[in-house]
Amino acid sequence: MFGSTIPVGAGLSSSAALCCGFGFAINELYDLKLSRLQLAKIGQYSENQFAGVQCGIMDQFASLHGKNNCALLLDCKTLQYETLPVDLGDYKILLIDTRVKHSLASTAYNDRRASCEEGARILKIGSLREATRLTLDQHQDELGEEVYVKCAYVVDEIARTQKAASLLKSGDIESFGALLYETHWGLSKSYDVSCEELDFLVSLAEEHKDAVIGSRMMGGGFGGCTINLVHRSKVDFIKGYVHDKYFTTFRKEPDFYLVDLADGVHKE
(Lines give C-alpha, C1' and ligand atoms only; values in the text may rest on other atoms or scores of the structure.)
Protein backbone atom coordinates (compact mmCIF):
# COMPACT_ATOMS: atom_id res chain seq x y z
CA MET A 1 0.00 0.00 0.00
CA PHE A 2 1.19 3.51 -0.83
CA GLY A 3 0.16 6.57 1.12
CA SER A 4 1.18 10.16 0.51
CA THR A 5 0.60 13.74 1.55
CA ILE A 6 2.08 14.98 -1.74
CA PRO A 7 -0.76 16.17 -4.00
CA VAL A 8 -0.72 14.67 -7.50
CA GLY A 9 -0.36 17.15 -10.36
CA ALA A 10 0.71 20.04 -8.14
CA GLY A 11 4.26 20.24 -9.47
CA LEU A 12 5.71 18.76 -6.29
CA SER A 13 7.37 15.77 -7.96
CA SER A 14 4.95 13.17 -6.65
CA SER A 15 5.96 10.78 -9.44
CA ALA A 16 9.65 11.06 -8.56
CA ALA A 17 8.84 10.48 -4.88
CA LEU A 18 6.86 7.35 -5.78
CA CYS A 19 9.58 5.97 -8.07
CA CYS A 20 12.40 6.66 -5.65
CA GLY A 21 10.52 5.43 -2.58
CA PHE A 22 9.56 2.21 -4.34
CA GLY A 23 13.06 1.70 -5.74
CA PHE A 24 14.63 2.34 -2.34
CA ALA A 25 12.28 -0.18 -0.70
CA ILE A 26 13.02 -2.90 -3.27
CA ASN A 27 16.74 -2.21 -2.92
CA GLU A 28 16.52 -2.64 0.86
CA LEU A 29 14.21 -5.67 0.82
CA TYR A 30 16.35 -7.64 -1.60
CA ASP A 31 19.73 -6.22 -0.55
CA LEU A 32 20.52 -5.24 -4.15
CA LYS A 33 23.27 -2.87 -3.03
CA LEU A 34 22.34 -0.19 -5.56
CA SER A 35 23.65 3.27 -4.72
CA ARG A 36 21.36 6.27 -4.33
CA LEU A 37 22.73 7.63 -7.60
CA GLN A 38 21.88 4.39 -9.38
CA LEU A 39 18.36 4.52 -7.97
CA ALA A 40 17.98 8.12 -9.17
CA LYS A 41 19.06 7.12 -12.67
CA ILE A 42 16.56 4.24 -12.69
CA GLY A 43 13.81 6.64 -11.59
CA GLN A 44 14.70 9.05 -14.39
CA TYR A 45 14.79 6.20 -16.90
CA SER A 46 11.28 5.13 -15.92
CA GLU A 47 9.97 8.68 -16.47
CA ASN A 48 11.74 8.95 -19.84
CA GLN A 49 10.87 5.50 -21.19
CA PHE A 50 7.48 4.68 -19.65
CA ALA A 51 5.84 8.00 -18.78
CA GLY A 52 7.20 9.64 -21.92
CA VAL A 53 8.55 12.71 -20.11
CA GLN A 54 12.07 13.65 -21.17
CA CYS A 55 12.87 15.03 -17.72
CA GLY A 56 16.29 15.48 -16.20
CA ILE A 57 17.44 13.85 -12.99
CA MET A 58 16.89 16.72 -10.54
CA ASP A 59 13.65 15.50 -8.92
CA GLN A 60 14.87 11.96 -8.42
CA PHE A 61 18.24 13.15 -7.17
CA ALA A 62 16.63 15.43 -4.60
CA SER A 63 14.27 12.69 -3.39
CA LEU A 64 17.21 10.40 -2.68
CA HIS A 65 19.92 12.84 -1.58
CA GLY A 66 17.99 15.52 0.34
CA LYS A 67 19.29 16.52 3.77
CA ASN A 68 17.56 18.16 6.71
CA ASN A 69 17.69 21.99 6.53
CA CYS A 70 19.82 21.87 3.40
CA ALA A 71 19.61 22.60 -0.30
CA LEU A 72 21.46 20.73 -3.04
CA LEU A 73 23.60 22.40 -5.69
CA LEU A 74 23.58 19.79 -8.46
CA ASP A 75 25.57 19.83 -11.68
CA CYS A 76 23.39 17.71 -13.95
CA LYS A 77 26.25 17.33 -16.44
CA THR A 78 28.70 15.67 -14.04
CA LEU A 79 26.20 14.69 -11.29
CA GLN A 80 28.56 16.22 -8.76
CA TYR A 81 26.68 17.96 -5.97
CA GLU A 82 27.18 20.09 -2.91
CA THR A 83 25.02 20.14 0.22
CA LEU A 84 24.32 23.71 1.32
CA PRO A 85 23.03 24.42 4.83
CA VAL A 86 20.02 26.76 4.66
CA ASP A 87 19.18 29.11 7.51
CA LEU A 88 15.87 30.76 6.66
CA GLY A 89 15.88 32.84 9.82
CA ASP A 90 12.48 34.49 10.21
CA TYR A 91 11.14 33.07 6.96
CA LYS A 92 9.04 30.01 6.19
CA ILE A 93 8.54 28.10 2.94
CA LEU A 94 4.91 28.34 1.87
CA LEU A 95 3.66 26.54 -1.22
CA ILE A 96 0.50 27.84 -2.85
CA ASP A 97 -1.35 25.44 -5.12
CA THR A 98 -3.17 26.96 -8.09
CA ARG A 99 -5.31 23.80 -8.28
CA VAL A 100 -4.53 23.81 -12.00
CA LYS A 101 -3.43 20.27 -12.79
CA HIS A 102 -0.59 19.78 -15.20
CA SER A 103 0.45 16.75 -17.19
CA LEU A 104 4.03 17.12 -18.38
CA ALA A 105 3.75 14.43 -21.05
CA SER A 106 0.86 16.25 -22.74
CA THR A 107 2.24 19.77 -22.45
CA ALA A 108 5.05 21.59 -24.22
CA TYR A 109 7.66 20.34 -21.72
CA ASN A 110 9.29 18.01 -24.23
CA ASP A 111 9.21 20.78 -26.86
CA ARG A 112 11.24 23.06 -24.58
CA ARG A 113 13.85 20.37 -24.11
CA ALA A 114 14.00 19.78 -27.86
CA SER A 115 14.65 23.51 -28.44
CA CYS A 116 17.57 23.45 -26.00
CA GLU A 117 19.01 20.31 -27.56
CA GLU A 118 18.71 21.91 -30.99
CA GLY A 119 20.57 24.96 -29.70
CA ALA A 120 23.39 22.80 -28.34
CA ARG A 121 23.59 20.96 -31.69
CA ILE A 122 23.84 24.21 -33.65
CA LEU A 123 26.51 25.53 -31.28
CA LYS A 124 28.34 22.18 -31.50
CA ILE A 125 28.48 21.71 -27.74
CA GLY A 126 27.45 18.79 -25.59
CA SER A 127 25.31 20.84 -23.21
CA LEU A 128 24.15 24.41 -22.61
CA ARG A 129 26.37 24.22 -19.51
CA GLU A 130 29.17 25.05 -21.99
CA ALA A 131 27.43 28.09 -23.49
CA THR A 132 27.56 31.77 -22.56
CA ARG A 133 25.22 34.61 -23.44
CA LEU A 134 27.97 36.02 -25.67
CA THR A 135 28.12 32.75 -27.60
CA LEU A 136 24.33 32.72 -28.00
CA ASP A 137 24.27 36.35 -29.13
CA GLN A 138 26.95 35.67 -31.75
CA HIS A 139 24.84 32.84 -33.22
CA GLN A 140 21.39 34.40 -32.74
CA ASP A 141 20.47 34.43 -36.44
CA GLU A 142 21.61 30.84 -36.89
CA LEU A 143 19.67 29.68 -33.83
CA GLY A 144 16.43 31.40 -34.76
CA GLU A 145 14.23 33.34 -32.35
CA GLU A 146 12.48 30.41 -30.63
CA VAL A 147 15.62 28.36 -29.95
CA TYR A 148 17.66 31.45 -28.99
CA VAL A 149 15.14 32.64 -26.38
CA LYS A 150 14.80 29.20 -24.78
CA CYS A 151 18.56 28.65 -24.67
CA ALA A 152 19.17 32.16 -23.30
CA TYR A 153 16.80 31.46 -20.42
CA VAL A 154 18.68 28.27 -19.53
CA VAL A 155 22.09 29.97 -19.66
CA ASP A 156 20.80 32.84 -17.50
CA GLU A 157 19.25 30.39 -15.03
CA ILE A 158 22.52 28.48 -14.65
CA ALA A 159 24.20 31.76 -13.68
CA ARG A 160 21.36 32.58 -11.28
CA THR A 161 21.66 29.15 -9.67
CA GLN A 162 25.36 29.59 -9.04
CA LYS A 163 24.71 33.05 -7.59
CA ALA A 164 21.91 31.64 -5.42
CA ALA A 165 24.31 29.06 -3.96
CA SER A 166 26.75 31.82 -3.01
CA LEU A 167 23.96 33.82 -1.36
CA LEU A 168 22.83 30.81 0.68
CA LYS A 169 26.41 30.22 1.83
CA SER A 170 26.64 33.84 2.98
CA GLY A 171 23.20 33.74 4.62
CA ASP A 172 21.74 36.51 2.45
CA ILE A 173 18.18 35.19 2.30
CA GLU A 174 16.68 38.49 1.06
CA SER A 175 18.89 38.58 -2.04
CA PHE A 176 18.26 34.88 -2.58
CA GLY A 177 14.53 35.62 -2.55
CA ALA A 178 14.96 38.32 -5.19
CA LEU A 179 16.47 35.68 -7.49
CA LEU A 180 13.31 33.59 -7.09
CA TYR A 181 11.28 36.44 -8.55
CA GLU A 182 13.76 36.78 -11.44
CA THR A 183 13.57 33.07 -12.16
CA HIS A 184 9.78 33.08 -12.26
CA TRP A 185 9.49 35.83 -14.81
CA GLY A 186 12.17 34.16 -16.90
CA LEU A 187 10.17 30.94 -16.82
CA SER A 188 7.01 32.86 -17.67
CA LYS A 189 8.16 35.31 -20.35
CA SER A 190 11.14 33.55 -21.94
CA TYR A 191 10.77 29.82 -21.34
CA ASP A 192 6.97 30.13 -21.57
CA VAL A 193 6.04 27.36 -19.12
CA SER A 194 3.89 29.36 -16.69
CA CYS A 195 0.15 30.05 -16.82
CA GLU A 196 -2.22 32.86 -15.88
CA GLU A 197 -2.85 31.49 -12.39
CA LEU A 198 0.84 31.09 -11.52
CA ASP A 199 1.67 34.59 -12.76
CA PHE A 200 -1.24 35.95 -10.74
CA LEU A 201 0.09 34.38 -7.52
CA VAL A 202 3.61 35.70 -8.06
CA SER A 203 2.24 39.16 -8.82
CA LEU A 204 0.26 39.07 -5.56
CA ALA A 205 3.46 38.16 -3.72
CA GLU A 206 5.27 41.09 -5.33
CA GLU A 207 2.61 43.43 -3.95
CA HIS A 208 3.79 42.47 -0.46
CA LYS A 209 7.56 42.14 -0.71
CA ASP A 210 7.82 43.16 2.92
CA ALA A 211 6.16 39.83 3.71
CA VAL A 212 7.14 37.65 0.71
CA ILE A 213 10.80 38.14 -0.20
CA GLY A 214 10.74 35.57 -2.98
CA SER A 215 8.23 33.70 -5.13
CA ARG A 216 8.33 31.53 -8.25
CA MET A 217 6.54 28.65 -9.92
CA MET A 218 7.95 25.21 -9.25
CA GLY A 219 7.80 21.89 -11.02
CA GLY A 220 7.26 21.49 -14.74
CA GLY A 221 4.94 24.47 -15.05
CA PHE A 222 1.56 25.04 -16.74
CA GLY A 223 -0.06 24.81 -13.29
CA GLY A 224 0.83 23.42 -9.90
CA CYS A 225 2.36 25.47 -7.11
CA THR A 226 4.37 28.55 -6.39
CA ILE A 227 7.08 28.41 -3.73
CA ASN A 228 7.22 31.47 -1.48
CA LEU A 229 9.57 32.72 1.22
CA VAL A 230 7.22 34.34 3.72
CA HIS A 231 8.02 36.09 7.00
CA ARG A 232 6.75 33.84 9.76
CA SER A 233 4.71 36.69 11.26
CA LYS A 234 2.94 37.27 7.93
CA VAL A 235 2.01 33.70 6.94
CA ASP A 236 -1.60 33.88 8.09
CA PHE A 237 -2.07 37.30 6.48
CA ILE A 238 -0.66 36.12 3.14
CA LYS A 239 -2.79 32.99 3.16
CA GLY A 240 -5.95 35.02 3.76
CA TYR A 241 -5.05 37.74 1.27
CA VAL A 242 -4.13 35.30 -1.49
CA HIS A 243 -7.18 33.12 -0.87
CA ASP A 244 -9.59 36.02 -1.24
CA LYS A 245 -7.93 37.54 -4.32
CA TYR A 246 -7.43 34.19 -6.05
CA PHE A 247 -10.96 32.94 -5.42
CA THR A 248 -12.48 36.23 -6.57
CA THR A 249 -10.48 36.08 -9.81
CA PHE A 250 -10.59 32.38 -10.73
CA ARG A 251 -13.46 30.97 -8.64
CA LYS A 252 -11.11 28.29 -7.34
CA GLU A 253 -9.90 27.64 -3.79
CA PRO A 254 -6.09 27.64 -3.59
CA ASP A 255 -4.35 25.19 -1.27
CA PHE A 256 -1.50 26.09 1.07
CA TYR A 257 1.33 23.88 2.30
CA LEU A 258 3.94 24.91 4.86
CA VAL A 259 7.00 22.77 4.24
CA ASP A 260 10.42 22.14 5.73
CA LEU A 261 13.69 21.05 4.15
CA ALA A 262 13.99 17.40 5.20
CA ASP A 263 15.96 14.22 4.64
CA GLY A 264 15.30 12.31 1.43
CA VAL A 265 14.18 8.70 1.15
CA HIS A 266 15.11 6.70 4.26
CA LYS A 267 13.95 3.91 6.56
CA GLU A 268 12.14 4.94 9.72
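Computed from a predicted structure; not experimentally measured. Just the heavy atoms: all of them, side chains too, but no hydrogens, waters or symmetry mates, feed the values below.
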Do the side chains of [Y] and [X] get nearer than 4.5 Å, heavy atoms only?
X: Leu95; Y: Ile227; value: yes
X: Tyr181; Y: Ile213; value: no
X: Asp210; Y: His208; value: yes
X: Val149; Y: Ser190; value: yes
X: Asp255; Y: Arg99; value: yes
X: Phe256; Y: Val235; value: no
X: Asn48; Y: Val53; value: no
X: Leu180; Y: His184; value: no

Roughly how far apart are [X] [atom1] and [Y] [atom2], rounded to 0.5 Å?
X: Arg129; Y: Thr78; atom1: CZ; atom2: OG1; result: 7.0 Å
X: Asp137; Y: Thr132; atom1: CG; atom2: OG1; result: 8.0 Å
X: His65; Y: Gln60; atom1: NE2; atom2: CD; result: 11.5 Å
X: Cys225; Y: Leu201; atom1: SG; atom2: CG; result: 9.0 Å
X: Leu136; Y: Leu128; atom1: CG; atom2: CG; result: 7.0 Å
X: Leu32; Y: Asn27; atom1: CG; atom2: CG; result: 5.0 Å

Practice item. Describe, in one word, how the ring planes of Phe250 and Tyr246 are oriented to each other, choosing from parallel (under 30°), tilted (30 to 60°) and perpendicular (over 60°). Key: tilted
Under 3.5 Å, side-chain donor or acceptor atoms of residues 115-124 against the rest of the protein: list the pairs with distances, not counting sequence neighbours.
unit_1	atom_1	unit_2	atom_2	d
Ser115	OG	Asp111	O	3.3
Glu117	OE2	Arg113	NE	3.0
Glu118	OE1	Arg121	NE	3.1
Glu118	OE2	Arg121	NH2	2.7

Minimal non-hydrogen separation, [X] against [Y], with atom names:
X: His231; Y: Ser233; result: ND1-OG, 2.8 Å
X: Val202; Y: Met217; result: CG2-N, 4.5 Å
X: Ala131; Y: Ile125; result: CB-CD1, 3.8 Å
X: Cys70; Y: Pro85; result: SG-CA, 3.9 Å
X: Asp263; Y: Asn68; result: OD1-N, 2.8 Å
X: Ala62; Y: Leu72; result: CA-CD1, 4.0 Å

With [X] via salt bridge (Lys or Arg N to Asp or Glu O under 4.0 Å) - residues at least two apart:
X: Asp90; result: none
X: Asp244; result: none
X: Glu47; result: none

Exercise for review: Please report the C-alpha distance between Asp192 and Arg112 in whole Å, then the side-chain angles of each, then the deciding distance to 0.1 Å, and finally whether the salt bridge (charged side-chain N to carboxylate O under 4.0 Å, His left out) criterion is met.
Suggested key: CA-CA 9 Å; Asp192 194 24; Arg112 302 300 185 275; 3.6 Å; yes
Review point. Under 3.5 Å, is there a donor-acceptor pair linking the side chains of Asp141 and Tyr148?
Key: no
Practice item. May I ask you to check whether Glu207 and Tyr241 show a side-chain donor-acceptor distance below 3.5 Å? Key: yes
Check your understanding: Quick check: does any side chain N or O of Thr98 sit under 3.5 Å from a backbone N or O of Gly224, one acting as donor and the other as acceptor?
Key -> yes
Check your understanding: Under the 3.5 angstrom rule, does the side chain of Asp59 hit a backbone N or O of Ser15 as a donor-acceptor pair?
Key -> no
Point to revise | Criterion side chain to side chain contact (heavy atoms under 4.5 Å, CB included) on His243 and Lys239, from CA distance to verdict | key: CA-CA 6 Å; His243 175 276; Lys239 288 169 68 173; over 6 Å; no
Check your understanding: Considering residues at least two apart in sequence or located in another chain, which fulfil the side chain to side chain donor-acceptor pair (under 3.5 Å) criterion with Ser215?
Key -> Asn228
When clusters are formed by joining ILVMFWY residues with side-chain heavy atoms under 4.5 Å apart, either directly or through shared neighbours, do [X] and [Y] land in the same one?
X: Met58; Y: Phe61; result: no
X: Phe200; Y: Val230; result: yes
X: Leu34; Y: Tyr30; result: yes
X: Leu64; Y: Leu74; result: no
X: Leu84; Y: Tyr81; result: no

Review point. In terms of heavy-atom contacts, does NZ of Lys252 have more than 12 from other residues, nucleotides or ligands at under 6.0 Å?
Key: yes
Practice item. Please name the residue in the list Phe222, Tyr153, Trp185 that meets the ring pair (Phe, Tyr, Trp, His ring centres under 6.0 Å) test with Tyr191. Key: Tyr153
**Study point:** Residues Glu82 and Lys169 bridged, charged N to O under 4.0 Å
**Key:** yes
Check your understanding: Going by an N to O cut-off under 4.0 Å, is there a salt bridge joining Glu130 and Lys77?
Key -> yes
For residues 37-45, dump all side-chain donor-acceptor pairs below 3.5 Å to protein atoms at least two apart in sequence or in another chain.
unit_1	atom_1	unit_2	atom_2	d
Gln38	OE1	Ser35	N	2.8
Gln38	OE1	Ser35	OG	3.4
Gln44	NE2	Cys55	O	3.2

